[in-house]
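Heads up, the thing below is written out as structure tokens.
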Amino acid sequence: MTKPAWAVEDLSVSFGSQVVLNHVSVSGFPNEIVALVGQNGAGKSTLVKALSGVLPRNAYSGEIWVDGIKRKFSSTAEAASAGVTLVPQELAIVPHLSVASNVFLGREPTRFGIVNDEEMEISSEQILSQFGIKINPKQPAGELGIPQQQIVEIARALSQDASVLILDEPTAPLTVTEAMLLFDCLKQLAEKGLSIIYITHRLDELRNLAKRVVVLRDGKVELDSYMDDIESGEIVTSMIGRSLESLPRQSPNYNSDESVLELTNWSALPQVSRGPGVASINMEVKRGEILGIYGAIGAGRTELLRSIVGAYEGFVSGELRLQGKKNIFSSPAEALAYGVVYISEDRKTLGIQPSMNVQENITLSKLDDYVGFGGLLDRTKEERSTEESIKNLGIVARPKQPMTTLSGGNQQKSLLARALLVKPKILLLDEPTQGVDVAAKLEIVRALVELALNGIAIVMVSSEAEELMSANRIIVMRGGKFVAERKPEFSSVDELVLIATGADTIL
Ligand SMILES: Nc1ncnc2c1ncn2[C@@H]1O[C@H](COP(=O)(O)OP(=O)(O)OP(=O)(O)O)[C@@H](O)[C@H]1O
Ligand SMILES: [Mg+2]
């Protein structure tokens, strides 16, 4: 029998009084792709952090084995030299360094002791081209969009000589097209002998990729099975302890004619020439309507939302009308004052306030509401409304918990909770369910449908065509333009993917 490429035995991790991993034993073999799934906060990231040297060696008990040798890593570099490489859940790009330098970070090829930029650029271009998108290796990585940054991180991992490759939700910001290309790469690597651990919340991806699935629930292994021996419904049930209903359909008949937001001849052009930006589009959202926006990476979806709230770094032109009145916002804060709430896809740098706790993060936009007599903050009221948000969205956190210690999905839900407290007129959401587990995704989409039925207009950008089926209308973007508009009931996930990639025009 071949020996496992990696194994954790009796692994336990606690933070304070919270037990996050509870005597977990699991292993993986060479040539094998194991999918690791579970609800937000189940302990997935913690497990792979212990295995890859992110977690200090005294932060866990139990044993870690790599390639038949017992290990206790004290850094990621040490783990990497033993062959274990992690693509972390939260992006770790060095923004001012070039794309090529980011791919080769810490392992730059040298010639006569000098970093060989050219070699670095050529090899990184090669690796990046596997994903079918063009990224200039000389460009500072911080200028790239979030999905492109994710691909740079994956490229960094792929370029290392690893025997165990761990990807923590690599496809969260990617659309189906890029995900498929990534899967091809991963399958090839597995064929060459790599052992891969793949964490995801997109359960539909699993069968395409992994032969085995491991489900964590509340810090314990709930299921460890070959994919062929199990149905998708059973995976969900073992993740959440019950079966799950399907995504709701937005009721088609809010039927208001009241225009909330209207864009005419709207363009957003980048300062330096990269990506198409947004090219002269017209868009209208009505009261109570959910407008879904779909498109591949670089189609201009994020740029569109950012340009509306004054967060776009580039040239914006055209006319914006808010409830019929001409307006223009110079910053998200100004937009917020008009009831236009924007939640960015980049929760790490633009969303959460890392130095604050959960309560402070959630109530941030509404602090005025909690000011009582004498201008003092009414902490009890603030705490009550935080607890309500935590309950409504099923956030796994305590109000006083530091924001950065929440699992990725729970950070995302906290951001949404913050937006909902503002009672917005219009919500602009960029990937609102990114990194959120299946049960929470349903809760979020339900919450959005409910908000729309209360008259709020919602524009929702998503890479998951599936969840856009809960919208009233879906617009597909390509190359900065609106190329198609569909009613969910007369369209399908497959059709949206085809239009987004441009494949419909060649068929
Ligand atoms: N440094 C820390 N301090 C306190 N609690 C922590 C810390 N790191 C993680 N936790 C807690 O441990 C639990 C498990 O977190 P983990 O990040 O492993 O979850 P996850 O399964 O990866 O979830 P997600 O799908 O949301 O990424 C969470 O409840 C989280 O709040
Ligand atoms: Mg995680």
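Counting starts at 1 for both ligands and their atoms, following the listed order.
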Answer yes or no: is there an ion pair linking [X] with [Y], defined by an N-O contact shorter than 4.0 Å?
X: Lys211; Y: Glu32; value: no
X: Glu383; Y: Lys400; value: yes
X: Glu464; Y: Lys441; value: yes

Between [X] (side chain only) and [Y] (backbone N and O only), is there a donor and an acceptor less than 3.5 Å apart?
X: Ser407; Y: Asn40; result: no
X: Lys187; Y: Ala210; result: no
X: Glu360; Y: Asn357; result: yes
X: Arg301; Y: Tyr294; result: no

*Cut-off 3.5 Å, side chains only: do Glu205 and Thr200 have a donor facing an acceptor?*
yes
*Side-chain donor-acceptor pair under 3.5 Å between Asp10 and His23, yes or no?*
yes
_Taking non-hydrogen atoms within less than 4.0 Å of ligand 1, which protein residues qualify?_
Phe15, Gln18, Val20, Gln39, Asn40, Gly41, Ala42, Gly43, Lys44, Ser45, Thr46, Gln89, Glu169, His201, Gln401, Thr405, Leu406, Ser407, Gly408, Gly409
*Closer than 2.8 Å to the Mg ion (ligand 2) - protein N, O or S atoms, ordered by chain and residue number*: Ser45 OG, Gln89 OE1
